[in-house]
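Accompanying notes for the structure given below.
In this text, all values refer to a predicted model and were calculated from it rather than measured experimentally. Numbered from 1 within each chain, the chains take letters A, B, ... in sequence-line order. Reckoned from all heavy atoms, side chains included, excluding hydrogens, waters and symmetry mates.
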2 protein chains.
Amino acid sequence: MNDIDGRPGASSALADETIFSVIHAAHALEDKLEEALEKAHLSMPKYSVLKELVSAGEALSLGELASRLSCVRSNMTQLVDRLEADGLVRRVACPTDRRSVKAEITEAGRDRQAEGSKEVTRLQDAVASSVPVEDRATLVRLLAHLK
Amino acid sequence: MNDIDGRPGASSALADETIFSVIHAAHALEDKLEEALEKAHLSMPKYSVLKELVSAGEALSLGELASRLSCVRSNMTQLVDRLEADGLVRRVACPTDRRSVKAEITEAGRDRQAEGSKEVTRLQDAVASSVPVEDRATLVRLLAHLK
DNA sequence: TATGTACAATTCATGCATGAACGATATTGA
DNA sequence: TCAATATCGTTCATGCATGAATTGTACATA
């Protein structure tokens, strides 16, 4: 006796506003993440770039970075501008393709990424442990589903 | 035998990147929503304001709108600027408090909100029906949890 | 009543995201 | 070889979000 309004699809305790609820919940999570990273003086986009550079283990072109972080190139241009101003990254010319510019992480960048990572891990643990054990498998499944 | 890395909290198939997965999934959902609303020539923030005004059934002060949509006032100032430029809303002076400005929806605004609502409902149904029946209760529970 | 405090909206600076237009360089194919 | 085409990064215009500073108004109380 759910599906009160009789619309097909809106059944079984899935409210009319589920989409907004999910988005809202994610935003709340995002805010927590931003808050945690702030302790390391980093924003999420900046942290993502540093993390990518560290895990790649080498300098990456701006286009490659944009592609890996799923954003447009012009965004990466600005982001790297800011990271460069912070001294966390530096632009280096690509020797094999003169159109391309690579972003190389600096020592300061490495340090900041490590600090950020600590904070992220802390939050990660807190959030993970707040998810009821019996719901974890479902969460993972839902996530895979909504890809 | 989960919890491979042995960190407390990071257990039972909850990967190290769960936070990012959730945020990423929500962003994907958000993109779909933006895409749907685009058919009604609306952005999510604009739609939210119109929806709030319709459901309130009366003009609301910018501060009230900001508070209901959980954003800062300066943001609402700009948003209403754009909505006003679109002819979907109009500013009216508050008779009882000369500091306050109310946003009143126009006829065009009402129409657009209705169009947007149709698109949102369509997407809502599609998403809802893509969530496995046996996972729905859990989803609702998780959402309530992450409030 | 005058004054200090609280509150409303705005403006400004900044960050982050997009897409269009552009110049420089690579690559392809006639 | 050289003209068309594709790709790379940048710039610019725009939207949306924040917080700080400002202006105008309301209100409490000394």
Side-chain angles (χ1 to χ4, degrees), chain A residues 23-24 26-35 37-38 41-50 52 59-86 88-104, chain B residues 23-24 26-35 37-38 41-50 52 59-86 88-104:
Chain A
I23 290 173
H24 188 269
H27 272 147
L29 205 55
E30 226 168 332
D31 288 347
K32 281 188 192 173
L33 188 49
E34 285 281 7
E35 190 189 341
L37 282 171
E38 219 164 277
H41 308 284
L42 281 174
S43 67
M44 246 179 77
K46 286 180 178 179
Y47 174 72
S48 301
V49 170
L50 296 182
E52 203 57 49
L60 295 174
S61 75
L62 302 206
E64 180 61 26
L65 276 170
S67 150
R68 293 194 190 195
L69 301 188
S70 310
C71 70
V72 298
R73 298 226 260 265
S74 55
N75 193 25
M76 197 49 65
T77 295
Q78 303 178 112
L79 200 38
V80 168
D81 282 348
R82 291 188 291 267
L83 284 164
E84 212 171 15
D86 293 344
L88 304 179
V89 136
R90 98 188 111 241
R91 277 180 167 87
V92 299
C94 174
T96 70
D97 186 338
R98 293 201 299 170
R99 290 171 305 180
S100 179
V101 175
K102 296 196 169 191
E104 183 176 78
Chain B
I23 291 174
H24 187 269
H27 272 147
L29 205 55
E30 226 168 331
D31 288 348
K32 281 189 193 174
L33 189 49
E34 286 280 7
E35 190 189 340
L37 282 171
E38 217 163 279
H41 307 285
L42 282 174
S43 67
M44 246 178 79
K46 285 179 178 178
Y47 174 72
S48 302
V49 169
L50 296 182
E52 202 59 49
L60 295 174
S61 75
L62 301 207
E64 179 61 27
L65 276 171
S67 151
R68 294 195 190 194
L69 302 190
S70 310
C71 70
V72 298
R73 289 171 200 279
S74 54
N75 193 25
M76 196 49 64
T77 295
Q78 302 179 114
L79 200 38
V80 169
D81 281 349
R82 291 188 290 267
L83 283 164
E84 213 171 14
D86 292 344
L88 305 178
V89 138
R90 98 189 110 240
R91 278 178 166 87
V92 300
C94 175
T96 70
D97 186 340
R98 292 201 300 169
R99 291 170 303 180
S100 180
V101 175
K102 297 198 166 188
E104 183 176 78

Starting at atom CD of A/Glu38, determine the distance to atom P of C/dG15, rounded to an integer number of angstrom.
13 Å
What's the closest nucleotide to the side chain of B/Arg91 if the choices are C/dT18, C/dT10, D/dT10?
C/dT10
Tell me which nucleotide among D/dC8, C/dT10, C/dA17 gets nearest to the side chain of A/Ser100.
D/dC8
Would you say the side chain of B/Met44 lies within less than 4.5 Å of the side chain of B/Leu37, judging by non-hydrogen atoms?
yes
Under 4.0 Å, counting only non-hydrogen atoms across every strand here, what does A/Val101 touch: a base, just sugar-phosphate, or nothing?
sugar-phosphate
Measure from CZ on B/Arg82 to P on D/dA13 and round the result to the nearest Å.
17 Å
By nearest-heavy-atom nucleotide on DNA chain C, the more 5' of B/Ser74 and A/Glu34 is B/Ser74
Rounded interatomic separation in angstrom, taking NE2 from B/His27 and C1' from D/dA17:
12 Å
Rounded to whole angstrom units, what separation is found between the CD atom of B/Glu35 and the P atom of C/dA17?
20 Å
Between D/dA26, D/dC8, C/dT10, which one does the side chain of B/Arg98 approach most closely?
D/dA26
For B/Pro45 and B/Glu34 the tightest heavy-atom approach is CD-OE2, 4.3 Å
When the nearest nucleotide of DNA chain C is assigned to B/Asp97 and to A/Gln78 on a heavy-atom basis, which residue is associated with the more 5' position?
B/Asp97
Distance, rounded to the nearest Å, where B/Met76 contributes CE and D/dG19 contributes C1':
16 Å
Could you check whether any side-chain heavy atom of A/Leu62 comes within less than 4.5 Å of a side-chain heavy atom of A/Arg73, counting everything from C-beta outward?
no
Within the 4.5 Å heavy-atom criterion, are B/Leu83 and B/Leu50 side-chain neighbours or not?
yes
Of all the nucleotides listed (C/dA9, D/dC16, C/dA17), which has the minimum atom distance to the side chain of B/Lys46?
D/dC16
So, B/Asp81 and B/Arg91, do they make that salt bridge, N to O below 4.0 Å?
yes
B/Arg73 has an atom CZ; how far is it from atom P of D/dG19, in whole Å?
13 Å
Between C/dC7, C/dC16, C/dG19, which nucleotide has the shortest distance from any of its atoms to the side chain of B/Arg99?
C/dC7
Here the distance between atom C1' of D/dG9 and atom CG of A/Leu62, to the nearest Å, is 7 Å
Rounding to a whole Å, what distance do you find between B/Asn75:CG and C/dC16:P?
16 Å
